[in-house]
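One structure is given here, and the rest of the page talks about it.
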Amino acid sequence: MGIRWRAILIVSGIILTLLSIFLYVTIVHEREVCERLIAERHRIAMAVTKNVREQTFDDYQKRIGSIARNRKNIIAAFAERDREKLEKFSVPIFNILHKENSYLDAFFFVLPDNRKFFCAHLPDNCENDVTTESLLVRAVNQDQEEKSGYEVDRRGLFYRIVRPVYTDDEFVGVMVLGIRAEQLLSSLRGVIGKHVYLAVKEEELQRAAMKTTETVPLGNYQIIGSEDGILSSVSDKEFSGKGTQRVAVDGKTFIFFSNLVLPDFSGREVAKIIMALDVTDEVASLKKIIFYAVALTLFLLLVSFFVLHFSFGKLINRIIVLNKSLEASNLDLEKKVKKRTENLQKEIEERQKTQQQLKMSLAELEVVNVDLTRKNSELDEFTYVASHDLQEPLRKLVSFSDLLRKDLGDDLPDRAATDLSFITDASLRMQNLVQALLDLSRSGRFELKMEVFPLRHCVEQAIAAVDLRVKETGATIVIDSLPDIYGDAAMLTQVYQNLLGNALKFVSGNHPEVHITMDTENGQPVFGVKDNGIGIRPEYTRQIFTPFKRLHGRDEYEGAGIGLSICRKIIERHGGVLWVESEYGKGTHFKFTLANRGDESAE
């Protein structure tokens with residue numbers, strides 16, 4: 001065999017090795033991609049299932065709590081052991097709940113000795129003894145604490161919520177709500193898909209002598225909701241009830257997993273949630289990619305062989321020439337790479353230093369923010385407590401000044417009467433300031449009751465609050481078309497009331513004209529209150545939002561100078577901005593924005 005053929009075989013072997021490595025890496029990579037996609041679907045399905053499992057019955061725990069707190073007639077009838085009254089009051093409640101949710105089909109009352117007293121779902125047929133049927137009821141009767149969990153009784157798998165009942169601090173028994181587990185199955189199928197099932201332990205379901213739902217045996221479990229027939233293709237050996245399993249059914253590939261447990265009140269497993277994810281498309285895509293990779297490898301190998309066979313001589317000569325050229329180029333390239341590497345190393349070191357400094361700055365900023373938040377909270381708390389506690393001594397100062405004036409009567413010297421008047425006026429003025437400070441603190445402390453409502457209602461309520469001032473001044477009020485917004489109606493009413501009060505207060509002798517505005521700036525709604533009053537000088541437009549900052553004496557215009565500060569705090573708590581545009585002597589226009597969340601919240 002000549003050198004040419006040996007070279008061709010050697011090169012062909014190298015190409016074959018490289019192509020084999022390429023094929024192997026491609027297959028491994030695509031298989032990992034496929035497995036990651038399947039694992040991600042599995043993770044999402046598990047997260048959604050866990051969330052739905054936790055939230056499905058939360059509402060009914062609140063409902064039974066509401067019945068225990070608010071339905072005094074039901075509790076009284078149960079305490080008096082009056083079945084007729086209990087039927088009269090509890091059966092309508094059960095009918096409402098059952099109409100809302102057909103899976104809720106048990107509502108009954110149990111005495112402290114574990115005997116059923118009355119069943120709202122079966123008022124004419126109620127078993128007396130539940131000690132062998134419900135360990136949950138026995139536990140609540142013993143501990144007198146609300147509990148919930150999954151149980152199997154004679155009719156099948158239920159989620160039970162058991163709440164102790166008290167009257168005048170005396171324990172009189174328990175209330176029980178029973179919801180069939182199919183409620184959870186229906187909720188999961190509505191979110192994830194139809195291939196969701198409940199697997200009840202065989203020994204648990206043996207107590208369900210009167211079960212209303214068909215089950216299919218699988219391993220040590222009985223399956224609820226297997227009408228689609230998929231589980232009939234899964235053998236007992238293939239299903240262990242643990243981890244994940246890949247099963248081929250009717251030409252499709254499914255991933256079965258049952259990692260989510262449905263526990264009883266003590267945490268003991270009663271049943272599991274089983275899901276089957278259809279991964280046929282992912283598996284088919286993997287097989288398709290592998291087929292194309294194999295075909296491409298064979299094609300490249302064949303092309304390489306023919307290229308080597310017909311042009312190997314020229315190729316060898318060119319390789320020798322190119323090899324020398326490459327050696328020279330490599331030397332030059334190594335020098336450039338070395339120099340570039342050094343430059344890159346310096347850049348990397350500088351960037352690392354910059355990043356380290358940035359991390360330190362961010363850490364310091366976070367500490368400052370936490371400290372500032374704490375100090376603001378402490379300041380609000382101090383302001384609220386101090387303002388609240390100052391009210392009482394001020395009231396006493398005014399009251400005792402009045403008592404002193406009444407006790408002395410005509411014997412009170414004129415100078416003393418004048419001094420008492422000064423004391424009373426100063427105390428009342430101090431009371432107004434403290435009350436204003438308390439209002440400012442409350443505007444930042446109260447929790448916002450956010451909802452979607454017509455903004456015009458706030459404006460109308462604010463106008464009604466200043467109606468006397470409107471009549472006294474003969475003011476004209478014009479209201480633009482206002483939208484529905486998302487916010488706290490009471491707080492925004494206070495904003496409009498304060499702004500309207502200022503518009504009617506700071507008039508210049510002209511006929512007051514107030515315009516409730518609504519414009520759009522940069523695509524965002526801008527609301528406002530515009531007047532034709534005395535206006536504000538440009539150098540004072542920032543100061544007017546400072547608490548207790550007044551531009552006029554108290555003899556000229558009444559007020560504590562706190563209203564605009566409260567307005568700004570309310571608007572900022574709504575995620576908006578409040579500012580003023582004014583021309584001295586020609587009027588003022590207060591404008592504000594709100595966070596644009598109306599549509600999202602309304603949905």
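Taking the side-chain hydrogen bond (donor to acceptor under 3.5 Å, both in side chains) definition, one finds that Q61 meets it with S148, sequence neighbours left out. Residues meeting the ring pair (Phe, Tyr, Trp, His ring centres under 6.0 Å) test with Y496, sequence neighbours left out: F592. For Y166, the ring pair (Phe, Tyr, Trp, His ring centres under 6.0 Å) test picks out F171, with sequence neighbours left out. Residues passing the ring pair (Phe, Tyr, Trp, His ring centres under 6.0 Å) test with F107, sequence neighbours excluded: F109. Applying the salt bridge (Lys or Arg N to Asp or Glu O under 4.0 Å) criterion to D168, with sequence neighbours excluded, gives no partner residue. Residues forming a ring pair (Phe, Tyr, Trp, His ring centres under 6.0 Å) with H457 (at least two apart in sequence, or on another chain): none. Annotation: side-chain hydrogen bond (donor to acceptor under 3.5 Å, both in side chains) contacts of Q183 (sequence neighbours excluded): N101. Judged as a salt bridge (Lys or Arg N to Asp or Glu O under 4.0 Å), and not counting sequence neighbours, the contacts of D59 are R63. A search for salt bridge (Lys or Arg N to Asp or Glu O under 4.0 Å) contacts involving D58 returns nothing, not counting sequence neighbours. R81 meets the salt bridge (Lys or Arg N to Asp or Glu O under 4.0 Å) test with no other residue; sequence neighbours excluded. With sequence neighbours excluded, no residue satisfies side-chain hydrogen bond (donor to acceptor under 3.5 Å, both in side chains) with R71. Shown here are the side-chain hydrogen bond (donor to acceptor under 3.5 Å, both in side chains) partners of S481, two or more places apart in sequence or in another chain: there are none.
For the pair K147 and F265, the NZ or CZ position fails the cation-pi test of under 6.0 Å to the six-membered ring centre and within 45 degrees of the ring normal.
Aromatic ring pairs are classed by plane angle as parallel below 30°, tilted from 30° to 60° and perpendicular above 60°; the pair F94 and H98 is parallel.
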